[in-house]
Each structure stands twice: as structure tokens, then as C-alpha cells.
Amino acid sequence: SVSRLDGDCLYIGVLSKTLQLREQGASFYCVSLRDRILDEYETPERVKNLVIVNENIAFSELFARIQKKFFEIMSWLFRMHELHSREGSIQKVLDLSAPIIGNHIAISDSAMMLMACTSAIDCDDPISRRLMQYGYHPEETVQQFRKHDLFRLWETADTVYVDDSCAVAKYVTVHKIFRFGNMYFAHVVMSCNNRPLTKGLMDLFQMMLDVLAVYIQREWETRDAMSNVYDGFLTDLLDGSLTDPGVISERAQFVGIA
């Protein structure tokens, strides 16, 4: 009955019955298996918060698929949070997330160095390829970023944002900038190279970000403690005063750069 429906639950049913309940004023979330012919009765208001499955499958099969997906997501969340009590890391969070999210994800720092990536999921986007190849964004990529004024955007972005212009990247990308004390520190980028961007995928991405935030902040605190030597090393490289390969290697290892 309508009185028993809970707005915080996800229901599974057949579309004809779902629409009947909606007609009685019920508001709820439901995955509905189509058992009626599409017509003008299915207005945007009546099908709001409904996922209509048009596939020819049994109701029991639909229920089993949804249940399996929920268990997969619950297990993923549990395993990510379980990392807190063990030796967790940014890379381990991405490794756990790869099968759930299904797209290529890369994280770089303010020096354009690669911090972690979903190495099990390849991406044929040229920018992603170069980042994986070199371990940092090379000058060719940086010039593209400058051309499209992306550094200014990244310095001011404070929420997750979507770039669907494909002006720089080959695919739609989802970005999250982590900054501490107004300082740009880490940049998480998901390329939608396998799965298209949907509200559901965005929810999964945000769940992953919530866990990643803990490890990225930990990385920041570690680097902040040695920021003077880290910044000094990069400055010496950029102004050309550091050229000896042996010295570069030693100082790079000291600040945690491979």
C-alpha cells in the first residue's frame, strides 16, 4: 500500500503497478521492469525517480542482478574503509576502485608528477598515455594546458567538475582538485573511456573521493613537513642550476620522487 512505502528505500517492481501507486500520490525510488507498451501516460512527472528496464528478462533475474550489484558496491566500500586499519595508500584505493568504476583514473600532484593510476585499465587518450609513459606531464602536455587556460581553472575549482568539451582530452573527463591552505596539491582525473558518465557513476566517483581524501591529506602532511627541500629541488631543476644526473637522482629520492 502507499502508506507503507519508504522514501529512503529502493523498490523493485513491474512498471504498471509502479504507475498505479504513483497515481495514488506515492513518491518513491523504483527499478521497474516494463510490462506495458510505452504511451503518453508515461509523463516525465510519473516516471520521475524511476529506472525503467526495457530488457526482456524475468523479474527474479532483475532482482538477482540488482542484489549482486549492491553487494559488490557494499563490499568495495567496506574494503576501502578497511584500509584505514592497515597500510592503505592512494594506489590501493584506486586498485580497489578500478573494477567498480571501470574507467581510467590518474592522480598527479602540483609538480605534474604522477602519484597513482588505475594501471589495470588502459586509456588511449594521448595525454593519459604520455603521463603513464613518463611518470609526469611532459612539456607538450603542459603547453596544451596553458593554451586552454586550464591552470587558472584548476587554481579556482573547489568542487568536482566535468569537462565534456573534449578540447584537450579525447574523452569526457571528471576532475577533483585537492588543495590545502589554498595551495593546489593533487588532481584526480577520471577519463570516461569505458563507461559513459551517468549520475550513478558520478556517485561512485564521489564515494571513492571521500576515501581518497584521507590518503591525499596524509600525503600532503608528509610532503608539507619537507616542503622546503621539495620546492628547492624543483626550483633548482627549473632554473637549470641542477644538472648532474647523480645529484638529481639523490635529491629526487630524498624528496620521494622516483
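In the hydrophobic clustering (ILVMFWY side chains linked at under 4.5 Å, chained through shared members), F71 is joined by M74. M132 forms part of a hydrophobic cluster together with L114, L131, judged by ILVMFWY side-chain heavy-atom separations under 4.5 Å. In the hydrophobic clustering (ILVMFWY side chains linked at under 4.5 Å, chained through shared members), L238 stands by itself. Residue V168 is found in a hydrophobic cluster whose other members, listed by chain and number, are M112, I127, V142, F145, L150, F151, L153, W154, Y161, I177, Y184; membership requires side-chain heavy atoms under 4.5 Å apart, directly or through intermediates.
In this structure a side-chain-to-backbone donor-acceptor pair under 3.5 Å is missing from R34 to N56. A donor-acceptor pair under 3.5 Å links the side-chain atoms of H104 to the main chain of I121, judged by distance alone. In terms of modelled atom types and a separation under 3.5 Å, the side chain of N103 and the main chain of N194 share a donor-acceptor contact. Side-chain N or O atoms of S249 include none that pairs as donor or acceptor with a backbone N or O of P245 at under 3.5 Å. Looking only at distances, a side-chain donor or acceptor of R195 sits under 3.5 Å from a matching main-chain atom of I101.
The minimum heavy-atom distance linking S108 with H137 is given by the pair OG-NE2, 4.1 Å. The two atoms that bring L5 and A26 nearest to each other are CD1-CB, 3.6 Å, heavy atoms only. Closest heavy-atom contact between V188 and F178: CG2-CE1, 3.8 Å. For the residue pair C30 and G13, the shortest heavy atom distance occurs at SG-N, 3.8 Å. Summarising the geometry of Q91 relative to C117, their closest heavy-atom pair is NE2-O, 2.8 Å, with the distance given to 0.1 Å. Residues V14 and S32 share a closest heavy-atom pair of C-CB, 4.3 Å.
Residues F59 and L50 do not share a hydrophobic cluster, defined by chaining ILVMFWY side chains whose heavy atoms lie under 4.5 Å apart. With hydrophobic clusters built from ILVMFWY side chains whose heavy atoms lie under 4.5 angstrom apart, L77 does not share a cluster with I66. Hydrophobic clustering places M208 together with L204 (ILVMFWY residues linked when any side-chain heavy atoms are closer than 4.5 Å, directly or through intermediates). Tracing side-chain contacts under 4.5 Å through hydrophobic residues (I, L, V, M, F, W, Y), one reaches L197 starting from M207; they form part of the same cluster. M115 and W220 fall within a single hydrophobic cluster, where Ile, Leu, Val, Met, Phe, Trp and Tyr side chains are chained together by heavy-atom contacts under 4.5 Å.
At a threshold of 4.5 Å between non-hydrogen side-chain atoms, the residues N49 and R22 count as touching. By the 4.5 Å heavy-atom criterion applied to side chains, E221 and F180 are not counted as neighbours. Proximity of M80 to S97: side-chain heavy atoms (C-beta onward) are separated by under 4.5 Å at one or more points. Proximity of L237 to I248: side-chain heavy atoms (C-beta onward) are separated by under 4.5 Å at one or more points. Contact check for I107 versus H187: no side-chain heavy atoms found under the 4.5 Å cut-off.
Among residues at least two apart or in separate chains, salt bridge (charged side-chain N to carboxylate O under 4.0 Å, His left out) pairs with a member in residues 154-177 are D124-K170. Listed by first and then second residue, the salt bridge (charged side-chain N to carboxylate O under 4.0 Å, His left out) pairs that reach into residues 76-85 are E82-R86, sequence neighbours excluded. Annotation: salt bridge (charged side-chain N to carboxylate O under 4.0 Å, His left out) contacts involving residues 59-71, sequence neighbours excluded, comprise E55-R65, E61-R65, K69-E72. Identified under the salt bridge (charged side-chain N to carboxylate O under 4.0 Å, His left out) test for residues 133-148, with sequence neighbours left out: R130-E140, E139-R146.
Counting non-hydrogen atoms of neighbouring residues, nucleotides and ligands closer than 6.0 angstrom, the CZ atom of F70 reaches no more than 12 such neighbours. The number of heavy atoms from other shown groups lying within 6.0 Å of CG (L38) is above 12.
By the 4.0 Å N-to-carboxylate-O rule, E23 lies close enough to R46 to be salt-bridged with it. Looking at D149 and R152, a side-chain N of the basic residue comes within less than 4.0 Å of a carboxylate O on the acidic one, giving a salt bridge.
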As a quick check of understanding, evaluate side-chain contact (heavy atoms from CB on, under 4.5 Å) for V31 and Y11, giving each step before the final call.
CA-CA 6 Å; V31 178; Y11 293 90; over 6 Å; no
Evaluate the side-chain contact (heavy atoms from CB on, under 4.5 Å) criterion for residues M183 and S110: first the C-alpha distance (whole Å), next the side-chain angles of each, then the deciding distance (0.1 Å), finally the verdict.
CA-CA 9 Å; M183 292 186 64; S110 55; over 6 Å; no
Go through it in stages, so that I can follow the logic: the residues are S16 and D35, the test is side chain to side chain donor-acceptor pair (under 3.5 Å), and I'd like the CA-CA distance, side-chain angles, deciding distance and then a yes or no.
CA-CA 6 Å; S16 58; D35 63 341; 2.6 Å; yes
Could you check E42 against R36 for salt bridge (charged side-chain N to carboxylate O under 4.0 Å, His left out), going step by step and ending with a plain yes or no?
CA-CA 10 Å; E42 295 179 29; R36 66 188 304 280; 2.8 Å; yes
V174 vs M202, side-chain contact (heavy atoms from CB on, under 4.5 Å): CA-CA, chis, key distance, verdict
CA-CA 9 Å; V174 186; M202 184 65 88; 4.0 Å; yes
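Partners of D122 under the salt bridge (Lys or Arg N to Asp or Glu O under 4.0 Å) rule, at least two apart in sequence or in another chain, are R129. Residues that satisfy the side-chain hydrogen bond (donor to acceptor under 3.5 Å, both in side chains) test with D8, not counting sequence neighbours, are absent from this structure. Looking at residues two or more places apart in sequence or on another chain, you find a ring pair (Phe, Tyr, Trp, His ring centres under 6.0 Å) between Y134 and Y136. Judged as a ring pair (Phe, Tyr, Trp, His ring centres under 6.0 Å), and not counting sequence neighbours, F205 has no contacts.
Of the inter-residue distances, the one linking D244 atom CG with L242 atom CG reads 7.5 Å to the nearest 0.5 angstrom. Taking CD1 of I105 as the start and OG of S119 as the end, the distance is 11.5 Å to the nearest 0.5 Å. Note that CD of Q67 is 11.5 Å distant from CG of L62, once rounded to the nearest 0.5 Å.
Between the side chains of S241 and D239, a donor-acceptor pair is found at a separation under 3.5 Å.
Here the rule is side chain to side chain contact (heavy atoms under 4.5 Å, CB included) with F28, and of T18, L10, D6 only T18 fits it.
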